[in-house]
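Just so we're clear, the structure is a prediction, and the values are computed from it rather than from any experiment. Just so it is clear: chains get the letters A, B, ... in the order the sequence lines come, proteins before strands, and each one is counted from 1.
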There are 2 protein chains.
Amino acid sequence: MISLAQQKNPDPTDFPSELEGLRMTKQRREVLAVILAERDHPKANDVFTRAQKRMPTISLATVYNCLEALVSHNLVRQVNLERESSRYCPNLTDHCHFQDEKSGKIHDVVFKDGVKLEDILELPQGTEVSHLEISLKGTFGQ
Amino acid sequence: MISLAQQKNPDPTDFPSELEGLRMTKQRREVLAVILAERDHPKANDVFTRAQKRMPTISLATVYNCLEALVSHNLVRQVNLERESSRYCPNLTDHCHFQDEKSGKIHDVVFKDGVKLEDILELPQGTEVSHLEISLKGTFGQ
DNA sequence: ACTAAGAATTAGAATAATTCCAAATTTTCA
DNA sequence: TGAAAATTTGGAATTATTCTAATTCTTAGT
Ligand SMILES: [Mn+2]
Ligand SMILES: [Mn+2]
Ligand SMILES: [Zn+2]
Ligand SMILES: [Zn+2]
């Protein structure tokens with residue numbers, strides 16, 4: 001039995017060669033592995049730096065390409081807060097983002113059970129929501 | 001009695017020389033007037049173009065300076081959607097933004113009566129929210 | 001296996017929104 | 001009235017991201 005701590009950094013070779021209809025190239029596999037390895041919200045350049053550790057030849061352009069592919073295939077979430085550069089999130093469950101003003105760090109925040117968008121917003125009938133983003137800023141508890 | 005339609009474009013000289021502790025210079029007055037003149041969500045460059053009509057000597061740098069001053073004094077709201085350039089909103093009431101995917105246009109959306117943030121999000125106790133942004137994308141009703 | 005076609009990667013250049021800078025102008029108020 | 005402070009201005013700088021065109025890799029059909 002392997003503890004959670006030990007399997008923090010999954011072996012990229014574990015991913016199948018195709019995921020959600022996306023061809024899993026070496027680089028995409030590595031970028032995805034980098035993002036899944038930690039529960040944080042790195043910027044493209046952070047992903048680049050981390051990916052270079054195991055794959056020194058990868059380029060920043062490729063990291064951007066891979067991120068865009070992974071995001072559009074819903075394997076990674078892209079997170080935009082204010083005017084800052086994009087961040088990437090491994091958490092695919094329904095959640096939103098809280099930025100702690102002290103540390104700049106981003107925390108995942110979940111919705112209370114059973115809350116639905118239609119319950120809180122005055123949307124004209126016929127409206128179809130394809131994308132929703134909620135972000136908060138302030139001082140995070142504890 | 002003046003109809004709403006007639007007073008759509010307020011005379012900038014109507015604003016007092018100081019507002020919310022912000023010195024109302026000619027340029028700030030003009031930028032604010034431009035934003036209040038229409039209920040849309042123009043980008044900085046749109047504001048610049050409109051301001052130039054009545055004030056041909058104003059510079060883009062000044063428009064950015066004025067916008068930043070007006071936003072930080074809560075006379076105008078800054079709206080950021082995804083990776084697009086910032087937009088500016090004259091509506092100071094509590095609302096969020098819906099971008100219609102067809103037209104790219106942004107619609108104000110209000111919350112249903114009595115909805116409070118604590119009701120919908122699982123925030124650790126002690127959390128202080130200083131800023132909240134909700135944005136949606138999709139096809140807008142009708 | 002061989003090969004052509006398509007897809008992905010790469011380095012470096014280009015883009016564009018925004019910020020910075022330093023000089024000129026305007027405003028404040030002692 | 002005359003500093004001192006604040007604002008405006010044009011232009012340069014910044015920087016995250018996208019684009020380009022050449023190269024490499026992968027796939028599928030033979
Ligand atoms: Mn924190
Ligand atoms: Mn619409
Ligand atoms: Zn997240
Ligand atoms: Zn608005």
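Taking atom CZ of A:F48 as the reference point, atom P of D:dT17 lies 14 Å away to the nearest angstrom. Put simply, CD on B:E82 is 12 Å from P on D:dT18, counting in whole angstrom units. Taking atom CD of B:E84 as the reference point, atom P of C:dA16 lies 15 Å away to the nearest angstrom. Rounded to an integer number of Å, the gap from B:H73 NE2 to D:dA6 P is 12 Å. Between the P atom of C:dT9 and the CE atom of A:M55 lies a distance of 9 Å, rounded to the nearest Å. Atom OH of A:Y88 is separated from atom P of D:dA16 by 12 Å (rounded to the nearest Å). Between the CD atom of A:E68 and the C1' atom of C:dT9 there is a distance of 15 Å, given to the nearest Å. As rounded to whole Å, 14 Å separates atom C1' of C:dA8 from atom CZ of A:R29.
For B:Y64, whose side chain is taken as the heavy atoms from C-beta onward, the closest listed nucleotide among D:dA16, C:dT19, C:dT10 is C:dT19. When distances are taken from the side chain of B:A61 to each of C:dT9, C:dC20, C:dT18, the shortest belongs to C:dC20. Side chain of A:I58, nearest nucleotide from C:dT10, D:dT8, D:dT9: C:dT10. Here the nucleotide nearest the side chain of A:S86, chosen from C:dT9, D:dT17, D:dT7, is D:dT17. Side-chain proximity of A:S85 to D:dG10, D:dA16, C:dT18: nearest is D:dA16.
Summary of the strand contacts: A:L22 and B:Q78 both lie near DNA chain C, and taking for each the nucleotide with the nearest heavy atom, the more 5' one is attributed to A:L22. Of the two residues contacting DNA chain D, namely B:L60 and B:R28, the nearest-nucleotide position lying further toward the 5' end is that of B:R28.
Using a 30° and 60° split on the angle between ring planes, B:H107 and B:F98 fall in the perpendicular class, above 60°.
Taking the charged nitrogens against the carboxylate oxygens, A:R50 and A:D40 do have a contact shorter than 4.0 Å, which makes a salt bridge. Under 4.0 Å is where a charged nitrogen must lie from a carboxylate oxygen, and between B:K137 and A:E133 no such pair does.
One finds a side-chain N or O of A:Q27 lying less than 4.0 angstrom from the OP1 or OP2 phosphate oxygen of C:dT10. For the pair A:R83 and C:dT18, the criterion of a side-chain N or O lying under 4.0 Å from OP1 or OP2 is met.
Here the straight-line distance linking atom OH of B:Y88 with atom CD1 of B:I35 works out to 8.0 Å at 0.5 Å rounding. Atom CD1 of residue A:I134 and atom NE2 of residue A:H97 lie 11.5 Å apart, to the nearest 0.5 angstrom.
When all heavy atoms are compared, the tightest approach of B:R28 to B:L70 is O-CD1, 4.1 Å. For the pair A:D100 and A:T139, the tightest heavy-atom approach, listed with the atom from each and the gap, is OD1-CA, 3.6 Å.
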What pairs of nitrogen or oxygen atoms, one from the protein and one from nucleotides 24-30 of chain C, lie under 3.5 Å apart?
none

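A:N65 comes within 4.0 angstrom of a base, heavy atoms only. Within the nucleic acid shown, B:T62 comes within 4.0 Å of at least one base atom, counting heavy atoms only.
Linking ILVMFWY residues whenever their side-chain heavy atoms come closer than 4.5 Å, directly or via other members, places A:I120 and A:L136 in the same cluster.
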